[in-house]
Q: 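Handing you this structure, nothing more for now.
The first residue of the sequence shown is numbered 1, and numbering continues consecutively from there. Just so you know, these numbers use all the heavy atoms, side chains as well, and skip hydrogens, waters and symmetry mates. Just so it is clear, the model here is predicted, and its values are computed rather than measured.
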Amino acid sequence: MKHTGIICAFIVFMSHLVPALASEGNPAWQRSAAEDDSLGKFTMLGAKLDEYFHALETEPSGIQKAEVDFIIGACTDSLVRQFTAIKAYGFFLNSPVMGNEAVAIHIFDNWFGNGKVAMKNEADFLNARLFATVNRRSQIGCKAPELALEDMDGNKSVLFANTRDRYSLLLFYDTDCPKCRLEIMKLDIILKNKDYPLNFYAVYIGTDRKEWEKYVTEYLAIGSGNTAVFNFHDPDRLSDFTALYGILQTPGIFMISPENRIIGRKMDAEAVEKMSDAIFSPKEMEYGSEESVRLFDEIFGIYGDSLSCSDITGIAAHIKEKTLEEAGDTTLYKQMTGDLLYYLSNRKGPVFKCGGNGVAEIVLSEGDIWKSSDDSIKVLSLAGFMKDMYSKSAIGTRIADIEVPSGEIITAEGCRKKDMNLAKLKGKRNLIIFHTEGCDICAAEIEAAEKLAAGDRKTRIYLVNMDEVLSGYPETADKLFMNFDLTSLPFIIETDRKGTVTGKYLSLCF
């Protein structure tokens, strides 16, 4: 984050200036001028921290936690560290951005709960510990805890034990809760008008069965064509929903993905509508933006020449872990994975082609995620095409037995035209360059090939001019396109004396 250096420099500055004995509790008539100056600096620090935390408010949770840890850890004075930690805890605890309570819980675990930093008093500490205890298992991205509940007919059900093909809306309510009644009335209007294809689980947390039955009849007749409503209760609280979902007051509304990940928590009806619209009426996504290209250029640039195919698929797996598995954010996962696929489709070289094939295979295996018509056109078709192209002339297989008329052979003795069969080339190492006229990169590769052949008698270079083949030998051209990825020229493939493919997507210029 661009703010990090500014705020950390400020904190270090404050750590040296604020006296260790600066006490905010003294009445004004007892404070010295120096202590008044210290309080002024704390006020300055508080304003700077508020500014920085607001800048972090919509960042991913992992970045928020890392930044907050860095800021608190940068404080060398104990009072400054306490002030900073308490300020951060309060900000994220009360943030209007859904899910930011996870940062507050992280701060408690990392700084207050283990005694590294003291809260102002025992009551604040106990409240923070209680909040962390009852809320840590129901944060955004957590697997939805299973709930063993009873329906109105006395049948037992366990919610979220298995994955499904539908999203779920989970409501905890009480019959004497005015806010519950208001939110349910709003949800009734939204669900009937929008008819979202989801399961609505309404869980009564009280014990009065007659009141519950009356309430369900009056307020929870919400079912529509696509929205299915299920009413449950747990009169003996055997499911421990209070601790599992942090239900200390009602209403408590959660959105759960088909993979049983919590993607919305402590929501109101408006938030349910906004999230459901995004899920069920998604905007068409665009992939391969300039911003995404710069991002992946930066990521892959870190690896340099050591980049491997497994590194690329590892990045794809990391994206899935952080967006889909931890955060339950299918939209973000699709955007980043689609951007990665488009990026790899435009990169040359064996590592990027191999990595692109790996990412394509991942995408094609996720039919439950890439299921819209837009996905089929923009992502699945590209992934299928990349996989198909990479499968042609696979490394370790015999090269296609194709006769190429009027090819060119470059050896240490020079260059000559000759008909050649790709499966019967005579060099110990054979490099076949498919090229086209007017292609500067092709010309550079051929020039590099001539230099290589002049200094290495074991290597033979074979040039296939696709312009000549297409114009004079269309049947041969069809065979070449069927057996080789000639979507981008030059295409360089390597075989050994037996005609086994030992490398492809090569470059001789680097």
Side-chain angles (χ1 to χ4, degrees), residues 46 49-50 52-54 56-75 78-147 160 170-172 203 205 234 237-256 260-268 271 321-322 325-329:
L49 288 170
D50 280 338
Y52 185 62
F53 294 148
H54 277 297
L56 282 176
E57 201 164 23
T58 56
E59 291 290 332
S61 178
I63 291 177
Q64 292 174 330
K65 293 173 183 177
E67 292 288 333
V68 167
D69 283 344
F70 185 77
I71 289 170
I72 297 173
C75 302
S78 61
L79 286 182
V80 175
R81 177 172 288 186
Q82 181 191 49
F83 179 87
T84 302
I86 291 174
K87 189 78 172 175
Y89 178 81
F91 181 91
F92 288 100
L93 180 68
N94 299 303
S95 172
V97 177
M98 184 171 58
N100 276 355
E101 307 100 316
V103 183
I105 294 173
H106 172 81
I107 294 170
F108 176 81
D109 292 340
N110 245 32
W111 298 98
F112 297 119
N114 55 17
K116 288 183 180 178
V117 178
M119 283 194 149
K120 285 190 174 182
N121 53 61
E122 185 68 15
D124 286 351
F125 176 82
L126 292 176
N127 286 334
R129 185 171 67 181
L130 175 63
F131 181 85
T133 300
V134 301
N135 283 280
R136 71 172 68 255
R137 284 175 285 187
S138 61
Q139 294 301 305
I140 301 294
C142 288
K143 187 179 184 302
E146 295 180 9
L147 287 172
F160 314 121
L170 176 64
L171 165 70
F172 295 93
V203 181
I205 69 167
D234 183 13
R237 301 207 169 193
L238 298 177
S239 69
D240 199 21
F241 62 80
T242 299
L244 293 177
Y245 284 88
I247 305 301
L248 300 179
Q249 60 183 12
T250 55
I253 304 176
F254 297 80
M255 183 72 83
I256 315 248
N260 290 335
R261 293 284 174 183
I262 296 174
I263 58 174
R265 71 185 306 270
K266 305 297 175 71
M267 307 170 77
D268 58 18
E321 177 187 355
K322 294 301 180 182
E325 295 174 1
E326 291 187 7
D329 193 334

Q: Quick one: closest heavy-atom pair of R81 and C75, and the distance?
A: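 Taking every non-hydrogen atom into account, NH2-O, 2.8 Å.
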Q: Looking at every non-hydrogen atom in both residues, tell me the closest pair between M267 and M98 and how far apart they are.
A: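 That closest heavy-atom pairing would be CG-SD, 3.7 Å.
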Q: Side chains of N100 and E57 only: does a donor on one sit below 3.5 Å from an acceptor on the other?
A: no
Q: Shortest non-hydrogen contact from V68 to A88?
A: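 That closest heavy-atom pairing would be CG1-CB, 4.1 Å.
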Q: Closest approach of V117 and A85, non-hydrogen atoms and distance?
A: CG1-CB, 4.1 Å
Q: Please lay out, stage by stage, how E146 and N260 fare under the test side chain to side chain contact (heavy atoms under 4.5 Å, CB included).
A: CA-CA 9 Å; E146 295 180 9; N260 290 335; over 6 Å; no
Q: Main chain of Q139, side chain of E101: is a donor-acceptor contact present, judged purely on distance under 3.5 Å?
A: no
Q: Once rounded to the nearest 0.5 Å, what's the spacing between atom CG of L79 and atom OG1 of T84?
A: 10.5 Å
Q: Please lay out, stage by stage, how D124 and F112 fare under the test side chain to side chain contact (heavy atoms under 4.5 Å, CB included).
A: CA-CA 10 Å; D124 286 351; F112 297 119; over 6 Å; no
Q: Any chance you could lay out the side chain to side chain contact (heavy atoms under 4.5 Å, CB included) test for L49 and F91, step after step, and finish with the verdict?
A: CA-CA 10 Å; L49 288 170; F91 181 91; over 6 Å; no
Q: Applying side chain to side chain contact (heavy atoms under 4.5 Å, CB included) between R265 and each of N135, I253, I256, report the one that passes.
A: N135
Q: Parallel, tilted or perpendicular: which fits the ring planes of F172 and F254, with parallel below 30° and perpendicular above 60°?
A: perpendicular
Q: Taking S239's backbone N and O only, do any of them form a donor-acceptor pair with D234's side chain (distance below 3.5 Å, no angle check)?
A: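 Yes; at least one donor-acceptor contact below 3.5 Å.
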Q: Using 0.5 Å steps for rounding, measure from the CG atom of L93 to the CG atom of N127.
A: 10.0 Å
Q: Quick one: CD1 on I247 to CG on D240, what's the gap to the nearest 0.5 Å?
A: 11.5 Å
Q: Please find the pair of heavy atoms, one from K87 and one from G46, that lie closest to each other, and give the distance.
A: CE-O, 3.6 Å
Q: If you define the side chain from C-beta out and look only at heavy atoms, does anything of V103 sit under 4.5 Å from L56?
A: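 No. Closest side-chain heavy atoms not under 4.5 Å.
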Q: Once rounded to the nearest 0.5 Å, what's the spacing between atom CD1 of I107 and atom CG of D69?
A: 7.5 Å
Q: Which pair of heavy atoms, one from D109 and one from N114, lies closest together, and at what distance?
A: O-ND2, 3.5 Å
Q: Quick check: are there more than 12 heavy atoms from other residues, nucleotides or ligands sitting under 6.0 Å from CD of E321?
A: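 Atom CD in E321 is crowded, with more than 12 foreign heavy atoms closer than 6.0 Å.
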Q: Using the rule given for side chain to side chain contact (heavy atoms under 4.5 Å, CB included), can you reason through I262 versus Y245, listing the C-alpha separation, both sets of side-chain angles and the distance that settles it, and then say yes or no?
A: CA-CA 10 Å; I262 296 174; Y245 284 88; 4.3 Å; yes
Q: Ignoring hydrogens and angles, tell me if any N or O in the side chain of R129 forms a donor-acceptor pair with the backbone of F108 under 3.5 Å.
A: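 Looks like no, no N/O pair under 3.5 Å.
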Q: Judged by atom type as modelled, is there a donor-acceptor pair below 3.5 Å linking the side chain of N94 to the main-chain atoms of G90?
A: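 Between the backbone of G90 and the side chain of N94 there is a qualifying donor-acceptor contact (under 3.5 Å).
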Q: Any side-chain heavy-atom pair from K116 and N110 closer than 4.5 angstrom?
A: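 No, side chains not in contact.
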Q: Verify, without hydrogens or angle tests, whether Q82 (side chain) and A118 (backbone) share a donor-acceptor contact under 3.5 angstrom.
A: yes
Q: Is the gap between the ring centers of F92 and F53 under 6.0 Å?
A: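 Distance test on ring centres: under 6.0 Å, yes.
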Q: Taking the side chain from R261 and the backbone from E326, do they hold a donor-acceptor pair closer than 3.5 Å?
A: no
